[in-house]
Amino acid sequence: MKTISRLFVLLLLTGIVLAQEPGRGLTPMEGRPEAPGFTLLDLDGETHHLADYRGKVVIVNFWATWCPPCRAEMPSMQRAWEKLRDQGVVMLGIDVGEDEETVFQFLADYPVEFPLLLDRDSRVIDAWGVRGLPTTFVVDPEGRLVYRAVGSRKWDSPRRLLEAVLALRQ
């Protein structure tokens, strides 16, 4: 019941985010707090720990299949991933509150190559303080949250994202 309540609140907040203008870019995170760690399974049953990516820039996107702006954003995230993966950047999509079958069905229409992880009980989304979907974070190589984007973005021309990410690698 607690997960259903959280998902309802996220759905409500997602509607609020939808009313905002998409594509406004990245917002710097004040104080660069430590990114909350997590251990999640991907769709193949492989375990992913955020700590495994220490030393790399990590883009973490929280999303759900029922979220219209998430669905609209996912193809452009894949295109951004195609541009960023050769730059040593990691992209992780964290689906909130759904099972493998639901996500597999989604992938039939929206194929992606970056890892999709499952936050079935919403513990990770709670730890990260996400208030609406989609929400994307950029984690620096030291494991600190440096940027956040709340709401759908057009990642097709990730110039600002690429510039920001490459600056973190130096």
Side-chain angles (χ1 to χ4, degrees), residues 1-26 35-50 52-53 56-86 89-139 147-158 161 165:
M1 184 67 172
K2 191 174 183 181
T3 299
I4 292 171
S5 297
R6 286 184 188 136
L7 290 176
F8 176 75
V9 170
L10 282 173
L11 181 59
L12 178 64
L13 290 172
T14 298
I16 293 168
V17 170
L18 260 177
Q20 299 175 4
E21 180 182 339
R24 287 186 315 226
L26 299 167
F38 60 74
T39 300
L40 294 171
L41 295 177
D42 66 18
L43 297 175
D44 296 323
E46 300 289 324
T47 302
H48 294 255
H49 307 275
L50 180 61
D52 292 344
Y53 301 107
K56 297 183 178 195
V57 174
V58 182
I59 299 169
V60 179
N61 175 261
F62 289 91
W63 69 287
T65 64
W66 49 260
C67 163
C70 300
R71 295 165 68 93
E73 176 180 69
M74 195 58 73
S76 71
M77 291 208 73
Q78 172 60 30
R79 289 187 292 270
W81 169 240
E82 291 167 6
K83 295 176 184 177
L84 293 171
R85 66 179 164 201
D86 292 334
V89 175
V90 175
M91 185 177 287
L92 303 172
I94 300 180
D95 177 83
V96 181
E98 298 178 303
D99 61 23
E100 295 97 335
E101 184 61 30
T102 302
V103 177
F104 275 126
Q105 289 175 3
F106 172 83
L107 290 174
D109 294 325
Y110 301 91
V112 299
E113 297 172 10
F114 55 89
L116 297 179
L117 313 180
L118 301 170
D119 183 17
R120 291 187 189 119
D121 59 9
S122 302
R123 287 186 188 173
V124 176
I125 198 169
D126 286 345
W128 284 60
V130 174
R131 305 238 188 306
L133 295 178
T135 295
T136 303
F137 292 91
V138 178
V139 181
Y147 296 108
R148 173 178 49 213
V150 178
S152 180
R153 299 291 186 275
K154 293 184 180 181
W155 302 102
D156 292 291
S157 299
L161 175 62
V165 164

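All values below were derived from every heavy atom in this structure, side-chain atoms included, with hydrogens, water molecules and symmetry-related copies excluded.
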Where do [X] and [Y] come nearest, in terms of heavy atoms and distance?
| X | Y | value |
| --- | --- | --- |
| A64 | C70 | O-CB, 3.5 Å |
| W66 | E98 | CD1-OE2, 3.2 Å |
| R71 | Y110 | O-CE2, 3.4 Å |
| P111 | Q78 | O-CG, 4.0 Å |
| E73 | G151 | OE2-O, 3.7 Å |
| I59 | V138 | CG1-CG2, 4.4 Å |

When you measure from the side chain of [X] to the backbone of [Y], do you find a donor-acceptor pair of N or O atoms at a distance under 3.5 Å?
| X | Y | answer |
| --- | --- | --- |
| R153 | V150 | yes |
| R131 | G129 | yes |
| D42 | D44 | yes |
| T136 | N61 | no |

Evaluate side-chain contact (heavy atoms from CB on, under 4.5 Å) for V139 paired with Y147, printing each intermediate quantity in order. CA-CA 7 Å; V139 181; Y147 296 108; over 6 Å; no

Residues E113 and W81: side-chain donor-acceptor under 3.5 angstrom: no

Would you say the side chain of [Y] lies within less than 4.5 Å of the side chain of [X], judging by non-hydrogen atoms?
| X | Y | value |
| --- | --- | --- |
| M91 | R85 | no |
| L26 | R148 | no |
| V124 | P36 | no |
| T47 | L40 | no |

Could you walk me through whether W63 and F106 pass the ring-ring contact (aromatic ring centres under 6.0 Å, His included) check? CA-CA 12 Å; W63 69 287; F106 172 83; 4.9 Å; yes

Once rounded to the nearest 0.5 Å, what's the spacing between atom [atom1] of [X] and atom [atom2] of [Y]?
| X | Y | atom1 | atom2 | answer |
| --- | --- | --- | --- | --- |
| L133 | C67 | CG | SG | 5.0 Å |
| F62 | I125 | CZ | CD1 | 6.0 Å |
| L41 | L116 | CG | CG | 13.0 Å |
| M74 | D109 | CE | CG | 12.5 Å |
| W128 | D119 | CH2 | CG | 11.0 Å |
| L43 | L118 | CG | CG | 5.0 Å |

If you apply the rule side-chain contact (heavy atoms from CB on, under 4.5 Å), what do you find for R123 with F38, and how did you get there? CA-CA 9 Å; R123 287 186 188 173; F38 60 74; over 6 Å; no

